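Since the structure comes first, as structure tokens, the remarks are kept for the end.
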Amino acid sequence: MSNLPETTTISYLHPQGSFNLADHGVPTGREEFWRFTPVEKLTDFFDENNVQGSLPIHCVGLGALGSGTSLPTLGKGQVPRGTVLKPVDRTSAIAATTADASYLLIDSEVAEPIRLTIQGDDNQVLTANHLVIEAKPLSRATVILQYGGRARHIGNVEILVGDGAHLTVVSIQDWERGSVHLGQHEALVNKDSVYRHIVVTLGGDLVRIQNNVSYASQGGDAELLGVYFAEAGQHLEHRLFVDHNHPKGVSHVNYRGALQGEKATSVWVGDVLIRPAAQGIETYEANKNLVLTDGCRAEAVPNLEIETGNIVGAGHSASTGRFDEEQLFYLQSRGVDEAEARRLVVRGFFTTVLNKIGVEDVETLLMDKIDTELGFGSETGLDKEEK
Amino acid sequence: MTDRELKITDLHVDVETETGPKSILKGVNLTIKPGEVHAIMGPNGSGKSTLAYSIAGHPKYTITSGSVLLDGVELTTLKVDERAKAGLFLAMQYPVEVPGVSVSNFLRTAKTAIDGEAPPLRSWVKKVNESLAQMQLDDEFASRSVNEGFSGGEKKRNEIVQLELLNPKYAILDETDSGLDIDALRVVSEGVNRYASQGDRGVLLITHYTRILKYIHPDFVHVFVDGHVVEEGDASLADSLEETGYEKYLS
């Protein structure tokens with residue numbers, strides 16, 4: 001039996017995957033899939049002739065990992081490249097057909113996080129990367145992708161999680177302003193494996209991550225977490241698609257974002273498809289947004305497509321709330337000044353998801369971002385000892 | 001030299017409603033001296049909580065005239081946190097949930113803000129744990145998010161933990177007895193009595209039942225109706241209220 005998921009997705013909400021560019025029209029913005037995205041700012045992304053190479057992927061600390069990992073390239077058609085990620089839009093199809101894909105193979109238990117930095121220095125040209133991460137059966141690792149600098153970039157990440165493997169992929173979008181990043185992440189979760197995907201989006205003018213998961217067998221566990229902070233003029237978009245195509249899988253989605261400033265925009269679209277075969281699965285997706293000022297816009301769209309009722313549970317929630325003045329009053333009535341009270345509340349808002357993430361880099365980055373956005377210096381000392 | 005007292009003089013307060021400002025407090029006069037326990041009693045809707053919240057500076061209420069002096073410092077022009085730093089504390093009837101902020105972080109942040117410097121870590125942790133234990137809250141309580149998922153009793157006990165640790169000059173307790181079972185009422189009352197027994201702190205206890213006054217003995221009782229004090233007396237006034245109710249004040 002093939003290890004691949006069913007090739008035709010019968011979702012009504014999620015596009016069919018295809019490597020053929022001709023199958024993906026140039027978006028107009030009227031498509032359901034693109035309706036929240038300012039496509040007029042992306043015209044260069046839709047023409048494959050604009051791609052001028054890829055961004056270098058720099059491995060930090062890889063030498064210390066010994067023989068457990070290596071980072072060669074995979075040519076077109078060289079498996080496992082192309083076995084997991086089926087491009088669902090034109091930009092992803094462009095990146096998926098670039099000459100060389102980087103290949104991170106994990107075949108053992110790796111204690112320290114593997115850090116891959118993808119750094120741009122030019123936001124006048126379009127670059128495209130295709131990265132394949134394969135966690136062999138029973139391996140364990142955390143991979144941190146750190147995107148930064150200036151770029152116009154398409155970054156695909158194709159992730160194969162082998163039987164019984166535990167893989168955590170953290171993708172940090174910490175671009176300088178003026179950068180644009182589109183990407184499709186797609187994972188195939190094998191039997192009894194645990195896959196955790198964590199998105200942290202803080203920088204860039206426009207970031208749009210399409211994050212897909214499907215299952216190769218029963219008993220896979222996927223946890224998709226995300227935090228983001230949109231400031232004035234930023235468009236941060238996260239789209240998730242979980243395809244429950246096998247029995248007894250689990251998926252939990254939990255994204256939280258804060259918005260502050262004129263035209264700060266966040267988009268969260270969570271689709272979960274439960275196919276007739278997906279008996280006994282369990283899924284829950286949640287998105288929560290905290291709007292700190294006027295002029296922000298947070299879109300939150302949870303979708304469930306349920307084709308079997310014989311499941312453990314399926315649910316979703318999405319909410320967008322303004323800053324709670326009663327919380328401010330309560331803290332201030334204890335002597336805490338308004339700025340510090342705001343910081344406590346915003347930090348607290350993210351705590352639920354941060355505690356689940358449990359990766360120190362992520363916490364530090366996010367807390368620094370909050371402090372910067374709320375007008376604090378990075379060094380305050382007050383919250384350091386809370387461990 | 002200014003007098004040490006919390007002095008409320010001819011306080012008028014409006015609340016914003018859909019149909020415009022509505023007058024709630026209509027000239028409140030009340031003076032609380034250090035070492036005194038005052039009880040304000042009155043029927044629902046008489047403006048007791050408005051008095052508490054407007055002194056603390058809740059943005060919903062507008063002080064249209066009058067004055068609140070805390071040891072000579074005019075509170076009504078200060079920000080909410082400045083009033084707390086001046087020595088005021090309000091134990092709330094409905095303490096607010098602050099998700100993701102632990103009780104211990106909250107207490108330390110508040111203590112640091114009030115004192116202007118961080119408390120010495122070791123003795124502070126010990127003090128917090130002692131205070132929690134006295135309120136019959138376990139150590140684990142400190143790692144929970146402030147008021148999130150707390151029972152009614154836990155919320156009120158958490159307010160008294162703050163009262164003891166922040167140790168303000170004057171404390172207003174807004175219906176701290178509401179929603180408490182008999183054991184929790186005793187624990188909370190003991191906490192308030194410990195605070196009051198320092199001898200130089202002022203307590204303003206707002207309630208509409210006499211139940212809590214069996215545990216906390218007021219020096220003065222004020223009957224509050226329609227936005228102002230209509231009668232004053234000693235603890236025996238509370239007893240006669242128990243007999244007659246508020247009816248005779250409502251005409």
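Nothing here was measured: the structure is a model prediction, and the numbers come from that model.
- Residues of residues 282-293 of chain A lying under 4.5 angstrom from chain B, judged on non-hydrogen atoms, do not exist here.
- Contact detail for B/Ile114 and A/Gly335: the closest heavy-atom pair is CD1-CA, 4.0 Å.
- Per-residue heavy-atom pair counts under 4.5 Å with chain A were compared for B/Lys79, B/Arg83, B/Met92, and the maximum is reached by B/Met92.
- Both the backbone and the side chain of B/Pro95 come within contact range of chain A, each with at least one heavy atom under 4.5 Å from a heavy atom of that chain.
- In this structure, B/Gln198 places its CD atom where more than 12 heavy-atom neighbours from other residues, nucleotides or ligands lie under 6.0 Å away.
- Judged by distance alone, the side chain of A/Arg334 and the main-chain N or O of B/Leu90 form a donor-acceptor pair under 3.5 Å.
- In terms of heavy-atom pairs under 4.5 angstrom with chain A, the leader among B/Pro168, B/Ala84, B/Ser145, B/Ala86 is B/Ala84.
- Put simply, of B/Gln162, B/Lys111, B/Glu82, the one with the most heavy-atom pairs under 4.5 Å next to chain A is B/Gln162.
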Name each donor-acceptor pair under 3.5 Å that joins a side chain in residues 48-55 of chain B to protein atoms two or more places apart or in another chain, with its distance.
{"unit_1": "B/Lys48", "atom_1": "NZ", "unit_2": "B/Gly42", "atom_2": "O", "d": "2.9"}
{"unit_1": "B/Lys48", "atom_1": "NZ", "unit_2": "B/Pro43", "atom_2": "O", "d": "3.2"}
{"unit_1": "B/Ser49", "atom_1": "OG", "unit_2": "B/Asp174", "atom_2": "OD1", "d": "3.0"}
{"unit_1": "B/Ser49", "atom_1": "OG", "unit_2": "B/Asp174", "atom_2": "OD2", "d": "3.0"}
{"unit_1": "B/Ser54", "atom_1": "OG", "unit_2": "B/Thr50", "atom_2": "O", "d": "2.6"}
{"unit_1": "B/Ser54", "atom_1": "OG", "unit_2": "B/Leu51", "atom_2": "O", "d": "3.2"}

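- For A/His252, the ring pair (Phe, Tyr, Trp, His ring centres under 6.0 Å) test picks out no residue, with sequence neighbours left out.
- Each of A/Thr351, A/Val345, A/Leu344 was checked for a side-chain contact (heavy atoms from CB on, under 4.5 Å) with B/Val101, and the lone residue meeting it is A/Leu344.
- For B/Glu97, the part sitting under 4.5 Å from any heavy atom of chain A is the backbone (N, CA, C, O) and nothing else.
- Residues of residues 314-330 of chain A that come closer than 4.5 Å to chain B, counting heavy atoms only, are A/Glu326, A/Gln327, A/Phe329, A/Tyr330, ordered by residue number.
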- Message: Let's go through B/Asp81 and A/Val336 carefully: what are the C-alpha distance in whole Å and the side-chain angles of both, what is the deciding distance for side chain to side chain contact (heavy atoms under 4.5 Å, CB included) to 0.1 Å, and is it a yes or a no?
- Response: CA-CA 6 Å; B/Asp81 58 296; A/Val336 181; 5.8 Å; no
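- The local environment of CZ in A/Arg297 is sparse, with at most 12 non-hydrogen atoms from other residues, nucleotides or ligands closer than 6.0 Å.
- For A/Ser333, the parts lying near chain B are the backbone and the side chain together; criterion is any non-hydrogen pair under 4.5 Å.
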